[in-house]
Amino acid sequence: MSQVPHYVLNDGLKIPQVGLGTYKLLGDDGFSSIVSGIQSGYRLIDSAHRYDNEEEVGRAVRECGVPREDLLITTKLAGDAHGFDETMMAFDTSARLLGLDVVDLYLIHWPNPSVNRFVDAWQAMIELRDEGRIRSIGVCNFTPEFLYRLRDETSVVPSINQVELHPYFAQAELRAVHAELGIRTQSWSPIGRAGELLSEAPIVAAAEAHGVTSSQVILRWHIQLGSIPLPKSGDVGRQRENFDVFGFELSESEMTAIGSLERGRLRAEFDPNTHEEY
Ligand SMILES: NC(=O)c1ccc[n+]([C@@H]2O[C@H](COP(=O)([O-])OP(=O)(O)OC[C@H]3O[C@@H](n4cnc5c(N)ncnc54)[C@H](OP(=O)(O)O)[C@@H]3O)[C@@H](O)[C@H]2O)c1
């Protein structure tokens with residue numbers, strides 16, 4: 001493991017406090033960007049079957065020069081494969097595309113409540129973990145209600161819930177449920193897809209005070225909340241910038257000022273009670 005500070009998940013897996021998002025990193029350019037991310041220090045790589053880049057991620061793992069055992073590779077179960085047998089098959093496909101015998105983290109991508117088969121998918125993931133084909137199992141975009149269902153119906157609590165989280169949408173209630181259940185939060189769109197969030201006054205003020213960039217302030221805010229941010233960048237300079245967030249600390253008043261930016265999801269339609277992805 002590189003020098004990034006880490007957490008220990010509820011199943012004992014050590015995980016870095018920041019990871020590289022890979023949505024839209026595709027083809028040869030995507031492969032090169034994933035390699036440059038790993039060479040810049042990232043050891044946690046966030047992919048998904050739906051991103052259509054598992055082959056690029058697998059190739060980067062093989063060719064980056066960092067030992068396989070130092071990397072944590074995440075991929076996700078797509079929404080068209082909920083159900084026990086479907087999940088078994090989907091996992092085989094992902095593992096084959098990645099070229100990996102063991103996947104470090106496998107997450108349900110969206111709960112898709114109208115399908116109502118995420119518990120069956122979860123049972124398959126428990127079996128795959130018990131067989132040693134996955135090191136850690138978790139979910140994305142799960143509400144408290146869905147998390148409690150997994151616990152109550154299978155007795156296995158996810159190690160991770162990866163959700164939309166940034167200063168506009170800090171997910172305080174959900175994070176409290178995670179703390180109660182022993183689930184680690186991961187943040188998607190952690191810098192708000194680099195929109196107007198980067199120019200918000202409390203963020204710019206903290207960036208000036210610490211001699212860092214807005215993106216670094218926001219990523220540091222995630223780390224101080226205890227959530228693992230997964231910033232995506234295809235650019236080596238921005239990848240390094242986003243990784244360099246362990247050399248300063250935000251004060252309590254800076255954290256509070258950034259927290260005051262709360263206004264909700266980037267796009268209201270991304271509510272997991274109604275938004276479904278296949
Ligand atoms: N589980 C889920 O349902 C879910 C949903 C969405 C995303 N995700 C995961 O979370 C990752 C991150 O989310 P995201 O890609 O939506 O958003 P994000 O990481 O908040 O923002 C990515 C955007 O910011 C730009 N950027 C990155 N670093 C920057 C910097 N330092 N300064 C200025 N611009 C910068 C990137 O452009 P450049 O590439 O040009 O730098 C890109 O356009 C995804 O890649 C994916 O792995 C998961």
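First listed ligand is number 1; within each ligand, the first listed atom is number 1. Nothing here was measured: the structure is a model prediction, and the numbers come from that model.
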Looking only at atom types and distance, does a side-chain atom of Glu241 sit under 3.5 Å from a main-chain N or O of Gln216, one as donor and one as acceptor?
no
So, Trp122 side chain and Val139 main chain: donor-acceptor pair closer than 3.5 Å or not?
no
Close-contact set for ligand 1 against Asp46 heavy atoms, below 4.0 Å:
9 (C), 46 (C), 47 (O)
What do you reckon, does Gly234 have a nitrogen or oxygen under 3.5 Å from a nitrogen or oxygen of ligand 1?
yes
Could you state the interatomic distance from NZ (Lys24) to OG (Ser233), rounded to the nearest 0.5 Å?
13.0 Å
Please confirm whether the backbone N or O of Ser33 pairs with a side-chain atom of Gln239, one donor and one acceptor, at under 3.5 Å?
yes
Which ligand 1 atoms, with their elements, are less than 4.0 angstrom from a heavy-atom of Trp110?
3 (O)
Just jot down the ligand 1 atoms closer than 4.0 angstrom to any heavy atom of Gly192, in number order.
20 (O)
Looking at Gln162, which atoms of ligand 1 are within less than 4.0 Å of one of its heavy atoms?
1 (N), 2 (C), 4 (C), 8 (N), 9 (C), 48 (C)
Have a look at ligand 1 and work out which part of Asn141, if any, has a heavy atom under 4.0 Å from it: side chain, backbone, both or neither.
side chain
Counting non-hydrogen protein atoms only, what is the nearest one to atom 6 (C) of ligand 1? Give residue, atom name and distance.
Trp188 CE3, 3.3 Å
Is Asn53 reaching over with its side chain to a backbone N or O of Leu25, donor-acceptor style, under 3.5 angstrom?
yes
Nearest-neighbour protein heavy atom for atom 21 (O) of ligand 1, which is reported as residue plus atom name and distance:
Arg193 CA, 3.3 Å
Answer yes if the ring centres of His82 and Phe118 are under 6.0 angstrom apart, and no otherwise.
no
Taking both backbone and side-chain atoms of Gly21, is any N or O found less than 3.5 Å from an N or O belonging to ligand 1?
no
Which ligand 1 atoms does Cys140 reach within 4.0 Å, using its non-hydrogen atoms?
1 (N)
Could you tell me whether the side chain of Gln123 and the main chain of Thr154 form a donor-acceptor pair under 3.5 Å?
no
Donor-acceptor pair, distance only, cut-off 3.5 Å: does the side chain of Asn112 make one with the backbone of Glu277?
yes
Quick test: of every protein heavy atom, which one is nearest to atom 28 (N) of ligand 1, and how far off is it to 0.1 Å?
Asn242 ND2, 2.9 Å
Closest non-hydrogen protein atom to atom 14 (P) of ligand 1, residue and atom name please, with distance?
Ser189 OG, 3.7 Å
Candidates His109, Arg238, Arg50, Lys76; heavy atom nearest atom 40 (O) of ligand 1 found on Arg238
When you measure from the centre of the six-membered ring of Tyr7, is the NZ or CZ of Arg184 under 6.0 Å away and within 45° of the axis?
yes
May I ask you to say whether Arg133 pairs ionically with Glu131, meaning some side-chain N is under 4.0 Å from a carboxylate O?
no
What is the closest protein heavy atom to atom 46 (C) of ligand 1, and at what distance does it sit?
Tyr51 OH, 3.3 Å
What residue and atom, counting heavy atoms only, is the protein's closest point to atom 36 (C) of ligand 1, and at what distance?
Lys232 O, 3.5 Å
Just jot down the ligand 1 atoms closer than 4.0 angstrom to any heavy atom of Pro231, in number order.
19 (O)
Treating Gln171 as the side-chain partner and Glu164 as the backbone partner, does any N or O pair qualify as donor plus acceptor under 3.5 Å?
yes
What residue and atom, counting heavy atoms only, is the protein's closest point to atom 45 (O) of ligand 1, and at what distance?
Tyr23 N, 3.0 Å
Atoms of ligand 1, numbered as shown, that sit under 4.0 Å from any heavy atom of Ile191
18 (P), 20 (O), 21 (O), 24 (O), 26 (N), 27 (C), 28 (N), 29 (C), 35 (C)
Flag Thr22 as yes when one of its N or O atoms lies below 3.5 Å from any N or O atom of ligand 1, and as no otherwise.
yes
Student check: side-chain heavy atoms of Arg220 and Ile258 closer than 4.5 Å:
no
Passes side chain to side chain contact (heavy atoms under 4.5 Å, CB included), Leu100 versus Arg68? Steps please.
CA-CA 10 Å; Leu100 297 177; Arg68 164 70 185 101; 3.4 Å; yes
Which of the atoms in ligand 1, numbered in the order shown and given with their element, are less than 4.0 Å from a heavy-atom of Leu230?
10 (O), 11 (C), 12 (C)
Atom 25 (C) of ligand 1: the protein heavy-atom neighbour that sits closest, reported with distance to 0.1 Å
Ala194 CB, 3.7 Å
